[in-house]
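Here's the structure, in C-alpha cells; my notes come after.
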Amino acid sequence: MPKLTSLPEGAGLADLLHANPDVTALLMPLVQRILRGPSPLSVEQRELLFAFGSGINACHYCHGAHTAAAEALGVEPGVIDAALDDIDTAPVDQNMKPLLRYVQKLTENPSRVTSGDADAVRAAGWSDQALNDAILVCALHNFMNRWVDGAGVDADDETLSDRGIFLAEEGYSKKNADIQPEAA
C-alpha cells in the first residue's frame with residue numbers, strides 16, 4: 001500500500017518514477033551506467049549483487065525483480081537466496097564470496113568496513129575498479145530499496161518476475177521507464 005497519498009492504490013515503481021520526472025531523468029542513466037555500463041564485473045554479477053543487497057534489506061520489490069533479472073541473465077535459480085543464508089556454502093564462484101561479504105557489511109554496517117575487507121576482495125583477484133563498481137551497486141540498491149519501501153511500492157511475485165526478465169533484456173533506460181508499467 002502506497003505511503004504517499006499522491007500515488008495510486010497498488011502503485012508500482014513506474015508510478016513512483018512518473019511522479020518524480022526530474023529525479024527519474026537523472027536516475028535512469030545512472031542506473032543504466034552502474035548496472036549495464038563497462039565494468040570488470042559482468043552484468044550477471046552486478047545483478048546478483050543488487051539482488052543480494054536488496055535481500056539483506058528485505059526489500060521485496062527490488063529483491064524479487066533483480067533476482068529474476070540475475071536468473072534471466074544466467075545466475076542459477078536459488079543462488080542468491082543461498083548466499084543470503086550463508087555466503088560460505090552458497091554455490092557461487094569463490095572469487096565472488098569476498099564481494100558478497102563486502103556488500104553485506106557495507107549494507108549492514110557501513111562504518112565497520114575496513115581496509116582488510118577491501119584487501120580480501122583484491123586477494124580474490126578483483127581490481128580496485130571492480131571493488132568500486134560493487135560499492136556503486138551497493139549504494140544504488142540501498143538508495144532504491146529505501147525509496148521503494150519508503151514510498152510503499154511493491155508488486156506480486158509474478159509481476160516482479162516479469163520485471164526482472166524485462167530488465168535483463170532491455171536494461172534501465174529512461175525510455176523503458178516511460179514505456180513499461182513497472183520499469184526499473
Side-chain angles (χ1 to χ4, degrees), residues 1-4 13 16 23 27 30-37 39-71 73 75-155 157 160-161 163-164 167-168 172 184:
M1 170 181 281
K3 295 176 180 84
L4 300 174
L13 183 55
L16 187 58
V23 172
L27 180 62
L30 179 63
V31 174
Q32 178 69 18
R33 171 58 187 88
I34 291 171
L35 294 177
R36 294 294 186 272
S39 175
L41 298 175
S42 70
V43 170
E44 297 86 11
Q45 290 166 331
R46 286 177 276 170
E47 286 290 348
L48 184 152
L49 291 171
F50 195 110
F52 173 76
S54 295
I56 291 168
N57 284 332
C59 179
H60 180 256
Y61 188 100
C62 293
H63 176 68
H66 291 276
T67 295
E71 291 175 356
L73 290 163
V75 173
E76 289 294 321
V79 164
I80 294 165
D81 287 338
L84 287 165
D85 288 339
D86 184 357
I87 293 170
D88 291 329
T89 61
V92 297
D93 291 337
Q94 289 300 312
N95 69 335
M96 280 299 294
K97 292 181 180 187
L99 280 174
L100 289 166
R101 286 186 196 96
Y102 197 97
V103 166
Q104 181 176 26
K105 195 171 190 180
L106 186 58
T107 299
E108 294 175 337
N109 291 299
S111 66
R112 303 235 171 148
V113 174
T114 67
S115 295
D117 298 316
D119 291 342
V121 170
R122 284 188 288 275
W126 296 107
S127 65
D128 272 356
Q129 186 61 55
L131 176 57
N132 184 69
D133 291 352
I135 293 166
L136 288 170
V137 171
C138 185
L140 181 63
H141 80 68
N142 279 295
F143 172 84
M144 292 304 299
N145 295 169
R146 279 142 183 83
W147 194 23
V148 165
D149 282 343
V153 168
D154 204 354
D157 291 342
L160 296 176
S161 179
R163 291 304 321 128
L167 294 173
Y172 298 90

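We use all heavy atoms of the structure for the numbers below, so side chains are in, but hydrogens, waters and symmetry mates are not.
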Chi angles and distances behind the side chain to side chain contact (heavy atoms under 4.5 Å, CB included) call for C138, L49: CA-CA 7 Å; C138 185; L49 291 171; over 6 Å; no

Expected output: side-chain W126 to main-chain L99 donor-acceptor under 3.5 Å: no

Heavy-atom side-chain proximity of L100 to L48 below 4.5 angstrom: yes

Flag side-chain contact, heavy atom, 4.5 Å: I34 against D133: no

Heavy-atom closest pair, residues A124 and N95: O-CB, 3.5 Å

By side-chain hydrogen bond (donor to acceptor under 3.5 Å, both in side chains) - contacts of D119 (at least two apart): R122

Any Q129 side-chain heavy atom under 4.5 Å of L41 side chain: no

Which atom of A118 lies closest to which atom of L131, heavy atoms considered: CB-CD2, 3.6 Å

Stepwise side chain to side chain contact (heavy atoms under 4.5 Å, CB included) check, V137 with Q45: CA-CA 10 Å; V137 171; Q45 290 166 331; over 6 Å; no

Pairing residues for K105 by the side-chain hydrogen bond (donor to acceptor under 3.5 Å, both in side chains) criterion, not counting sequence neighbours: D117

Parallel, tilted or perpendicular: rings of Y172 and H66 (30°, 60°): parallel

L136 CG to F50 CZ distance, which is reported to the nearest 0.5 Å: 12.0 Å

Heavy-atom closest pair, residues V121 and P98: CG2-O, 3.7 Å

Within 6.0 angstrom of E76 CD, more than 12 heavy atoms from elsewhere: no

Nearest heavy-atom neighbours spanning A58 and D149: O-OD2, 4.1 Å

Check: R112 and L106 side chains under 4.5 Å, non-hydrogen atoms: no

Sequence-distant partners of S111, side-chain hydrogen bond (donor to acceptor under 3.5 Å, both in side chains), two or more places apart: none

Nearest non-hydrogen partners of F52 and V103, listed with the distance: CD2-CG1, 4.2 Å

Contact check, side chains of L35 and V43, non-hydrogen atoms, under 4.5 Å: no

Partner set under side-chain hydrogen bond (donor to acceptor under 3.5 Å, both in side chains) for S161, not counting sequence neighbours: none

Would you give me the side-chain donor-acceptor pairs under 3.5 Å for residues 78-87, sequence neighbours excluded?
unit_1	atom_1	unit_2	atom_2	d
D81	OD1	H63	NE2	3.2
D86	OD1	D88	N	3.0
D86	OD2	T89	OG1	3.3

Test item: N132 side-chain N/O and D128 main-chain N/O as donor-acceptor pair under 3.5 Å: no

Qualifying salt bridge (Lys or Arg N to Asp or Glu O under 4.0 Å) pairs, either residue in residues 44-71, two or more places apart: R36-E47

Minimum side-chain heavy-atom gap W147-L27 below 4.5 Å: yes

Pair M1-D154, side chain to side chain contact (heavy atoms under 4.5 Å, CB included): steps then yes or no: CA-CA 8 Å; M1 170 181 281; D154 204 354; over 6 Å; no

Any side-chain heavy-atom pair of C62 and V148 under 4.5 Å: yes

Closest approach of A130 to P40 (non-hydrogen atoms, all atoms of both residues): N-CG, 3.6 Å

Steps toward side chain to side chain contact (heavy atoms under 4.5 Å, CB included) verdict (M144, L13): CA-CA 10 Å; M144 292 304 299; L13 183 55; 4.2 Å; yes

